[in-house]
Each structure stands twice: as structure tokens, then as C-alpha cells.
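Accompanying notes for the structure given below.
FYI, the numbering just counts along the sequence from 1.
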Amino acid sequence: MAFYGRTTRREMIRKCGMGLLCSPLLSLWNLEKTNSSTPSDVGSPYQGTDDQLLDEIQRAAFDFFWNEANPSTGQIKDRALANGKDSRLMSSIAATGFGLTGLCIAHQRGYGKSADIVKRVQYTLRFLFHQMPHQHGFFYHFVDMNTGKRWEKCELSSIDSSLLLCGVLTARQYFGDQEIKDLATKIYERVDWPWMLNGGSTLSMGWKPESGFLDARWEHYCELMMIYLLAMGSPTHPVPADTWRAWSRPKISYQGISYISGNDPIFTHQYSHAWFDFRGKHDAYTNYFDNSVKATKAHKLFCRSLHDRFPDYSEDLWGISASDYVNGYTAWGGPPPQGPIDGSVVPCATGGSLPFLFDDCMRVQRTMRSRFGAKAWQRYGFVDAFNPLTNWYDPDVLGIDLGITMLMAENHRTGFVWQTFMKNPEAKAAMLKAGFQSD
């Protein structure tokens, strides 16, 4: 999760939900008229197949995970310049989790030398278990990629630790190397999940040594499902199965589509689905895969509804998720409208939803590559965000946004991440505890 100053991505989203939502409509309708110009084509049509483009996207993401990491510690940068010439040192444990899974995909697809990839995974897990600072098995959100030292005063993060653990457990199941299997097991089994409950029925979002547990909790539907399932499935420090019922599932209705959703960006309907396979299953509340299909459809309709104000939004180009924008980093999306929407497009919004609504999302990926590829496509694939109405193109890419696109592209192509991760007996046990049944 991206970091600006001392505000984390989740803190920003939470603040939006608590008060900043009074401003999006003003942002929507009071932008300067110059933002309403029609975007012009800047590239030639993409000639390859859908599968060829997805392969290009995945290879570019792998290059980021491979190049923008310390090869000795395995810790991957939170962000880097899209052209690859980056000198920043801040690593995100969430990016490292996506990267570990990305290494599995790369090994399986032959994107790199097999022995080198295995060695990188070994070094990463050794560092995580033996040297990375932690509290009760949880890691700090951001660390120095060279030393593992906590970055400034960031929080010990339950969600980012979970994203890291999903990568760790994917590597455990994919690689035959015994050291990888043993280290991955030790890293997962060390996590003291009940500690993160802090006496409550829902998990805390994090902890800081200066002030203790954060007030915010994982208490309504969002990307939280992976946290609870990992915690419930732990063979050493599990939380009660009742925690699955402790968080709320608010419903949204938009243009005739009703689905479970918090007041959050579209990535919240993607992240847990990158690893846990919810297809063809339901608990007492819903089929969460189908729920994400509905959320993606509603998000597309929401973007299309803004066409009069932002003429770049169309059947060919849509998608907004928490990302960079011209003034920094923001949590934006809809429905309902959230954040300073200005006509920008966020590639991972559709990239992370490929398994849910493939034809519609792939159409956007092809459009971005063909019409805006000269500016929006760099060494590591699509830039994090861009605005064709104002000719703004982000100079950066973010590890988590490249990661969700890489993993979901693979899940659409082969189901590889789902198949590999769900071999973990803890994942299966957790879904049974949560009451999942076949449709």
C-alpha cells in the first residue's frame, strides 16, 4: 500500500469514508473546463492477441519485481520510476508479497533463469525470518529495502503482512525446495493473530510502538477477507471462526446492480481474490466472486456515467482505483463517487478485475496500449495512472498495482495462482471454518 509522508493508503481511504466524501461531487463538477477536451490518439493499434498483451504485461511486471529489489534481502520497492532508473530505497512488504507470487509465475512461465529465481526466493524468506524486524510475527508496512529497518514511523500492518504472507505461502506450495517450504511455514506459523484482535471481535489495522494499536479495525467488507482467513487457518495462533461473522457486509445498489461493498475503491474487490479461490463457493452471505463481478460492472457503469464531464471515459477507457494522480496519491473511485475524480485512468482498476469481466477489462487494456502506449507504457508496463484530458502521465509505477494486474492476468489465463495457493491446507481449513460451501 502506497505511502505519502506518514499517511498510509488504508488510512487515506478510511479518512475518505469518514468525511472527505463531501468533496468529490465538487471535484467532479467544478473542475476547469480545460479538463473536458477530447483525448487524442497518440499511438497505433495494438496488433497482437489478448494473450500476447497479457504476456507483455506480466513480463514487464516481473522485470519490476526482479530489478527493483535488493537481491540479498529480496525486499521490493513500494514504487519506482516507470523507466527503471530509480534510486529510492523504501520497500513495501505488500509489494514483496505480490513479488514472491510473481516469481512463482515467472518461474512457471520461464521469464527468468530457474536457479536464479529459486535463489531469490530463498534469500527473501531467509531475510524475512531471520533478520526483518517484526512484532508477534507482523511486519512494518514500509522498510528500508537494504536493511529491513522500519521506514520513518509507519505502522505494523495487518493487511500488508497478510499480503506478504499470501506470497510466502504461494512460494511454499510452488517450489520443491525444502528450505523454502520450511522457512515459509515458520514465517506463517510465527504470526500471533489473536494479539492483533487486541481484545476485540475484529482485527486491528495495525500497531505502532509509540502509541500501541490503531483505533481503526477491519470491521466492514473490503480487502479484509484474506486477513481473517489466514488468521482462522493458522495451525499455531488461530482466531475464532466467529470473527468471520464479526465484520459487516453493507450493500450498494447502482443502476439495478446490488452487491456487498464498503465505501472503498475497486481494489478492495480484487486483493483477496488474487490468492483465495472464491469461484463456485458461497458462505452464509454471498458468492464473493460473483459479488466482485457485480462490483466491476457497477464501476464500469459509474465511470461511463461521467462521460459528459470527462469525455475520455467510454466503453474503451474506464477504471479508477486508489493510485497516484497529478497532485500526489489519492483514494478514489465509485460508486458512490469518492476522491478528486478528474478524468484520470488507473490501469490496475481493469487489470485487477480481468477474471471478473474479461472482455470489458481487456478492451481497456488494449485501448491503453494502442492509443496511449507511447506515454502510458514504459519499461515496467503501464504507468500507475494517466490523464489523457490534461496530458498528464505518472512517472512512477507501484508494486502493488503491477502485482494485482500480474496475478489476476495469470488467474484468467491459467488459474495458476488460485490452484497453487489453494493447495495450502490452512487455506482450505479456513474456508471450511468460515462456512463456505459449493454452489
Side-chain angles (χ1 to χ4, degrees), residues 46 48-66 97-114 116-118 120-121 163 165-177 180-181 184 225-226 229 267 269-281 287-290 292-293 296 347-366 369 380-382 399-425 427-428 431 438-439:
Y46 181 77
T49 65
D50 290 348
D51 204 55
Q52 286 172 329
L53 178 53
L54 291 177
D55 203 66
E56 287 185 17
I57 290 170
Q58 290 183 282
R59 285 179 181 272
F62 167 65
D63 285 346
F64 168 86
F65 290 129
W66 188 259
F98 276 112
L100 279 169
T101 308
L103 291 177
C104 297
I105 296 170
H107 187 276
Q108 190 259 350
R109 286 197 169 273
Y111 291 167
K113 293 181 179 179
S114 174
D116 291 344
I117 292 175
V118 172
R120 177 69 63 88
V121 175
L163 288 162
L165 289 169
C166 284
V168 167
L169 292 177
T170 305
R172 182 181 76 171
Q173 290 304 316
Y174 176 71
F175 292 103
D177 181 81
I180 290 176
K181 293 182 180 296
M225 291 193 293
M226 71 174 75
L229 291 172
F267 83 87
H269 294 277
Q270 301 169 350
Y271 275 23
S272 289
H273 292 265
W275 290 277
F276 285 92
D277 188 0
F278 295 100
R279 295 174 300 169
K281 306 178 185 72
N287 176 312
Y288 293 97
F289 185 89
D290 291 348
S292 289
V293 172
T296 307
C348 70
T350 49
S353 292
L354 286 165
F356 305 133
L357 205 63
F358 178 74
D359 289 342
D360 299 55
C361 291
M362 195 65 210
R363 183 170 179 172
V364 176
Q365 298 288 307
R366 292 183 68 93
R369 187 73 171 91
Y380 296 137
F382 291 118
I400 55 175
D401 293 345
L402 293 178
I404 189 60
T405 301
M406 182 183 189
L407 271 59
M408 292 303 245
E410 188 61 39
N411 277 332
H412 169 77
R413 297 177 79 186
T414 66
F416 168 78
V417 182
W418 288 327
Q419 294 164 12
T420 304
F421 181 81
M422 291 307 297
K423 291 178 182 177
N424 286 293
K428 296 177 181 177
M431 293 190 77
S438 171
D439 288 342

So, the side chain of Gln270 versus the backbone of Ala349: is there a donor-acceptor pair under 3.5 Å, distance only?
yes

Say whether, by atom type as modelled, one donor and one acceptor occur between the side chain of Asn411 and the main chain of Ala274 under 3.5 angstrom.
yes

So which heavy atom on Met406 is nearest to which on Gly102, and how close?
CE-O, 3.5 Å

Pro347 backbone acceptor or donor facing Gln365 side chain under 3.5 Å:
yes

Do Arg109 and Asp55 have side-chain heavy atoms sitting under 4.5 Å apart?
yes

Distance, nearest 0.5 Å, that separates CG of Asp116 from NE2 of His107:
10.0 Å

When every non-hydrogen atom of Met422 is compared with those of Lys428, the smallest separation belongs to O-CE, 2.8 Å

For Asp50, give me all partners under salt bridge (charged side-chain N to carboxylate O under 4.0 Å, His left out), at least two apart in sequence or on another chain.
Arg366

Any sub-3.5 Å donor-acceptor pair from Tyr174's side-chain atoms to Gln108's backbone N or O?
yes

Can you check whether Thr170's main-chain N or O pairs, donor with acceptor, with Thr420's side chain at less than 3.5 Å?
no

Distance-minimising heavy-atom pair for Ala60 and Gly381:
CB-N, 3.5 Å

For Cys104 and Ala171 the tightest heavy-atom approach is SG-CA, 3.7 Å

State, with a plain yes or no, whether a side-chain heavy atom of Leu357 is found less than 4.5 Å away from one of Cys361.
yes

Before giving the answer on side chain to side chain contact (heavy atoms under 4.5 Å, CB included), spell out for Arg369 and Phe382 the whole-Å C-alpha distance, their side-chain angles and the decisive distance to 0.1 Å.
CA-CA 8 Å; Arg369 187 73 171 91; Phe382 291 118; 4.0 Å; yes

Using ring pair (Phe, Tyr, Trp, His ring centres under 6.0 Å) as the criterion, point out the one residue from Phe64, Trp275, Phe65 that pairs with Phe98.
Trp275

Output for pair (Gln58 CD, Leu402 CG), nearest 0.5 Å, gives 12.0 Å

Go through the steps for Ile404 and Phe267 under the test side chain to side chain contact (heavy atoms under 4.5 Å, CB included), then give the verdict.
CA-CA 9 Å; Ile404 189 60; Phe267 83 87; over 6 Å; no

Do Trp418 and Pro355 have side chains that approach each other closer than 4.5 Å (heavy atoms only, starting at C-beta)?
yes

Looking at Phe175, is its backbone amide N or carbonyl O close enough to the side chain of Lys181 to form a donor-acceptor pair, meaning the two atoms are under 3.5 Å apart?
yes

For the atom pair CD1 (Ile400) and SG (Cys348), what is the distance rounded to the nearest 0.5 Å?
7.5 Å

My understanding is that only residues two or more places apart in sequence, or in another chain, count here; which of them pass salt bridge (charged side-chain N to carboxylate O under 4.0 Å, His left out) with Asp51?
Arg413

Mind checking what makes ring pair (Phe, Tyr, Trp, His ring centres under 6.0 Å) contact with Phe356, not counting sequence neighbours?
His273, Phe289

Who pairs with Asp63 by salt bridge (charged side-chain N to carboxylate O under 4.0 Å, His left out), at least two apart in sequence or on another chain?
none

Within the distance-only criterion (no hydrogens, no angle test), does the side chain of Asn424 pair as donor or acceptor with the backbone N or O of Ala427 below 3.5 angstrom?
no

According to the salt bridge (charged side-chain N to carboxylate O under 4.0 Å, His left out) rule, which pairs have a member within residues 165-176, sequence neighbours left out?
Arg172-Glu426

CE-OG distance between Met226 and Ser272, expressed to the nearest 0.5 angstrom:
4.0 Å

Whether Tyr46 side chain and Leu53 backbone form a donor-acceptor pair below 3.5 Å
yes

If we only count heavy atoms from C-beta on, is the Leu354 to Leu54 side-chain gap below 4.5 Å?
yes

Using 0.5 Å steps for rounding, measure from the CG atom of Leu100 to the CD1 atom of Ile117.
12.0 Å

Separation of Met225 CE from Met431 CE (nearest 0.5 Å):
8.0 Å

Compare every heavy atom of Gln52 with every heavy atom of Thr49, then report the nearest pair and how far apart it is.
N-OE1, 2.7 Å

For a side chain to side chain contact (heavy atoms under 4.5 Å, CB included) check, start with the C-alpha distance between Phe421 and Cys166, then their side-chain angles and the critical distance, and finish with the verdict.
CA-CA 8 Å; Phe421 181 81; Cys166 284; 4.3 Å; yes

Which residues pass the side chain to side chain donor-acceptor pair (under 3.5 Å) test with Asp439, sequence neighbours left out?
His282, Asn287

